[in-house]
Each structure stands twice: as C-alpha cells, then as structure tokens.
Amino acid sequence: MSEIVAFIGVGNMGSPMAENLIKAGKKVCVFDVSKEMLDKARERKFDIADSFENLLSRSPNIVITMLPAGKNSKKVYLGENGIINKVSKDCLLIDCSTIDIKTSVELGTKAKEKGIKMIDAPVSGGVMGAKNASLTFLVGGSREAFDSAKPILEIMGKNIFHAGDTGCGNGAKICNNMALGISMIGASEALMLAKRLNIDIKKVHEIMKNASGNSWPISVYPPLPGLKEGVPSNNKYRPGFSAGMMSKDLKLAIECAEEVKANTPLGSTANTIYDEFCKEGNSNKDFSAISKVVGGNAWDYEIDD
Ligand code: NAD
C-alpha cells in the first residue's frame with residue numbers, strides 16, 4: 001500500500017510542494033486553517049481533510065508542515081491532541097516551516113522522547129523553487145531521520161543538505177536569510193545609485209551579473225522591474241517572498257545573534273529597515289520592494305496596493 005502523506009499548511013509554498021508530491025504518485029491529504037486556502041486546494045483537486053483531527057485520523061506515514069512561524073508549529077505538534085501525541089511511532093515528521101531554533105529543538109526533542117523521527121527542514125528557493133521542485137532543503141535531525149526523509153524531500157527539491165542535529169536546519173536557514181535580506185538592500189542601493197547617476201540600469205545590471213558585485217538578488221531576483229522575466233518586481237511586487245516573512249527571519253537572526261553574542265551590524269540594520277517598511281503597511285509586498293525605501297523619490301515603479 002502506498003504511503004499516506006499528511007500535509008499541513010497549503011499557502012504560497014505548501015500548495016505547490018503538495019502538488020509535486022501528488023504528481024509523483026504520493027497519496028497526499030492536506031489541511032489548512034484558512035478556508036480560502038482549503039477552497040483553492042479543493043479547486044486543484046487535492047484530497048482535503050475538513051479538520052486537523054480528521055487529517056490525523058487517516059494514520060499518516062509522513063506528516064509535512066509548512067507554516068508561517070514557531071507558534072504555528074508548536075500549536076500543531078504539541079499538546080494532547082497535537083501531532084506528536086497522535087501519530088504512530090513509525091510516522092516521520094518533517095517541519096519545513098522557517099522557525100526559531102528553540103522551538104525547533106523543543107519539537108524535535110519531544111518527538112524523540114516518544115520514539116518518533118522528526119527533522120526540521122526549512123527551504124530556500126521561494127515559490128518558483130516550490131513550483132519547479134527545485135527547492136534546497138536545510139535539514140536538522142539525526143542521520144537516520146535525514147536518510148528516511150531524503151527520498152520524499154527529493155521529490156520537492158534538488159539539493160538536500162544535512163546541516164546537523166535538530167535545530168541546525170533552521171539555524172542554517174536563518175543565517176542564509178540574514179545574508180539575503182542584507183544583499184537585497186545592497187543590490188537595491190547599487191541599482192538606484194545607477195539610476196540617479198543617469199546610467200542605464202539595464203547595462204549596470206548586465207555588468208554586475210558578470211562582475212564582482214553579483215549576488216542572488218542581482219542575478220536571480222532583481223529588485224527593479226525590466227531586468228528579468230517572472231520575478232515579483234515585474235509583477236507589481238506581489239509576493240513571492242513577502243517583506244513580512246523576511247522581517248520575521250531577520251528578527252530570528254538578531255535574536256539568536258544576541259544569544260550567542262555574534263556581531264551582526266548589517267543584519268541589525270537590515271532588520272530595522274524591513275521592520276519599518278512592514279510597519280508602514282508593506283508586509284504583504286514582496287521583500288524586493290525594499291528598493292522603494294532605498295530609492296526615495298527616484299523610485300517610480302508600479303506596486304500593488
Ligand atoms: P503562507 O502564509 O502562504 O502559508 C502558510 C499557511 O499555513 C497558510 O495558508 C495558513 O493558513 C496555514 N496555517 C497557519 N497555521 C496553521 C495551523 N495551525 N494549521 C493549519 N494551517 C495553518 O506562507 P508561505 O509563504 O507558504 O511560507 C511558509 C513557510 O515557508 C514560512 O515559515 C516561510 O518563512 C517559509 N518560506 C517561505 C518562502 C516564500 O518564498 N514564500 C521561501 C522560503 C521559506
């Protein structure tokens with residue numbers, strides 16, 4: 001009999017990830033607290049559980065969660081009716097949400113106490129990566145749990161890294177996204193400076209892609225329109241990866257940097273810049289819209305209201 005995969009959280013990322021599992025022939029049942037998301041999943045012909053309890057009553061062999069933050073993961077995994085208490089011992093638990101390291105370790109430890117294998121497996125690659133099944137998975141957990149999870153992760157992604165023990169997947173993800181938040185601001189500053197200097201932005205972009213100023217935001221996800229097809233800056237900055245999510249990840253980075261006394265001056269500055277941008281009502285814009293802050297009155301592009 002084929003394995004039953006319970007998938008919780010079918011938002012921007014979870015939905016295409018679940019779809020790739022279905023396409024690969026997995027028996028997937030999904031649940032989300034949002035009625036809107038469940039309706040969308042129904043339209044895509046996903047098998048829907050109408051409640052969390054109903055989902056777990058299907059005796060899943062694997063549970064995958066793709067939720068916004070640590071508090072959401074805690075809610076579904078812990079407690080009397082939580083996943084850890086309800087699934088069988090041979091069920092594999094995979095939390096793909098980007099969450100704080102402490103929560104991640106707490107969940108992994110509770111699962112271990114029950115003899116259940118669990119990994120934290122946050123992803124990099126965004127919605128495009130989720131759709132194209134080209135995500136990078138950053139996995140924390142035992143070698144045994146990693147080996148068990150690898151085949152299913154390979155259906156949704158291309159690069160599957162074992163970062164270390166429980167919590168290290170989220171630790172690696174937080175470091176990566178701190179660098180990304182900083183470099184998106186850097187790319188925006190460079191391109192907007194070119195604009196103010198009246199140098200053709202397209203030319204500067206082409207040069208940077210082939211010079212030492214290149215970065216992921218320059219080559220893959222440019223923050224200004226007209227430089228690359230299919231990126232949020234060309235779609236009125238609809239996410240994508242929202243500024244709110246980036247702000248959450250930067251807060252996680254600063255929190256753990258303070259804890260281990262790491263010096264992260266640019267991470268702190270980026271955290272402040274995204275935080276203010278979100279407080280001005282931009283949480284739902286793509287994070288590349290941070291170029292608006294950098295650009296000031298020279299920034300004159302279309303942005304979704
Ligand atoms: P999203 O908000 O689109 O989706 C999350 C879904 O979880 C929502 O549909 C929400 O209703 C659901 N949810 C929340 N609490 C729930 C609960 N208790 N039970 C069931 N469903 C619940 O977010 P997303 O963009 O898909 O991101 C999900 C995670 O992936 C986040 O941790 C984010 O940081 C990470 N991530 C996102 C991207 C990206 O580009 N969007 C890239 C890498 C990592």
Side-chain angles (χ1 to χ4, degrees), residues 12 98 124-129 136 172-258 262-305:
N12 289 326
T98 303
S124 174
V127 175
M128 289 306 283
T136 295
K173 169 72 186 173
I174 288 166
C175 295
N176 180 75
N177 276 25
M178 185 179 76
L180 174 62
I182 295 168
S183 61
M184 183 56 85
I185 296 172
S188 300
E189 286 187 0
L191 294 173
M192 287 308 301
L193 175 61
K195 184 168 184 180
R196 284 190 187 266
L197 292 170
N198 286 322
I199 312 174
D200 183 345
I201 290 184
K202 281 191 180 165
K203 288 189 180 153
V204 174
H205 180 248
E206 196 53 34
I207 289 164
M208 286 181 74
K209 273 200 304 184
N210 292 286
S212 48
N214 196 12
S215 63
W216 194 86
I218 287 290
S219 59
V220 180
Y221 208 97
L224 300 183
L227 302 175
K228 195 172 181 211
E229 288 293 310
V231 293
S233 57
N234 268 339
N235 188 26
K236 299 183 183 172
Y237 295 92
R238 293 186 187 116
F241 183 55
S242 68
M245 290 281 186
M246 175 50 84
S247 184
K248 174 197 78 166
D249 291 353
L250 285 166
K251 283 192 179 70
L252 294 178
I254 299 315
E255 263 168 38
C256 56
E258 277 169 7
N263 194 18
T264 53
L266 292 184
S268 298
T269 305
N271 181 36
T272 306
I273 293 173
Y274 281 99
D275 188 46
E276 282 171 7
F277 187 56
C278 289
K279 282 183 181 145
E280 284 160 12
N282 295 304
S283 297
N284 291 330
K285 312 279 188 303
D286 188 74
F287 83 113
S288 60
I290 206 70
S291 54
K292 188 171 192 269
V293 177
V294 170
N297 58 12
W299 193 98
D300 51 4
Y301 305 107
E302 268 194 284
I303 187 160
D304 208 13
D305 284 329

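Listed by first then second residue, pairs satisfying salt bridge (charged side-chain N to carboxylate O under 4.0 Å, His left out) with a partner in residues 288-302 read Lys195-Asp300, Lys236-Glu302, not counting sequence neighbours. Identified under the salt bridge (charged side-chain N to carboxylate O under 4.0 Å, His left out) test for residues 216-233, with sequence neighbours left out: none. Applying the ring-ring contact (aromatic ring centres under 6.0 Å, His included) rule to pairs touching residues 223-251 yields Tyr237-Trp299, Phe241-Phe287, sequence neighbours excluded.
With sequence neighbours excluded, no residue satisfies side chain to side chain contact (heavy atoms under 4.5 Å, CB included) with Cys175. Contacts of Asp304 classified as side chain to side chain donor-acceptor pair (under 3.5 Å), with partners at least two apart in sequence or in another chain: Arg238. Evaluation of the side chain to side chain donor-acceptor pair (under 3.5 Å) rule for Thr98 yields no partner, not counting sequence neighbours. With sequence neighbours excluded, the residues that form a side chain to side chain contact (heavy atoms under 4.5 Å, CB included) with Asn234 are Pro225, Val231. Partners of Asn297 under the side chain to side chain contact (heavy atoms under 4.5 Å, CB included) rule, at least two apart in sequence or in another chain, are Arg196. For Ser233, the side chain to side chain donor-acceptor pair (under 3.5 Å) criterion is met by no residue, not counting sequence neighbours. Looking at residues two or more places apart in sequence or on another chain, you find a side chain to side chain donor-acceptor pair (under 3.5 Å) between Ser247 and Lys251.
Contact between Ala289 and Lys285 at its shortest, heavy atoms only, is CB-CB, 4.1 Å. Leu250 approaches Asn177 most closely through the heavy-atom pair CD2-O, 4.4 Å. Shortest non-hydrogen contact noted between Ser283 and Ser242 is O-CB, 3.3 Å. Smallest separation of non-hydrogen atoms from Tyr221 and Asp286: OH-OD1, 2.7 Å.
Between Leu180 and Met246, the closest side-chain pair of non-hydrogen atoms falls below 4.5 Å. Residues Leu193 and Glu189 are not in side-chain contact: their nearest non-hydrogen atoms beyond the backbone lie 4.5 Å or more apart.
Not one N or O on the side chain of Ser215 forms a donor-acceptor pair closer than 3.5 Å with the backbone of Ser183.
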Distance-only check: which donor-acceptor pairs under 3.5 Å involve side-chain atoms of residues 201-208, not counting sequence neighbours?
from   : atom 1 : to     : atom 2 : distance (Å)
His205 : NE2    : Ile218 : O      : 2.7
Glu206 : OE1    : Lys209 : NZ     : 3.4

If you look only at distance, which donor and acceptor atoms sit under 3.5 Å apart when one is on a side chain in residues 263-271 and the other is two or more places apart or in another chain?
from   : atom 1 : to     : atom 2 : distance (Å)
Ser268 : OG     : Thr264 : O      : 3.1
Thr269 : OG1    : Pro265 : O      : 2.9

Leu191 and Ser291: CA distance, side-chain angles, deciding distance, side chain to side chain contact (heavy atoms under 4.5 Å, CB included) verdict: CA-CA 9 Å; Leu191 294 173; Ser291 54; over 6 Å; no
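Put simply, CE on Met192 and CD1 on Ile185 are 14.5 Å apart, with the number rounded to the nearest 0.5 Å.
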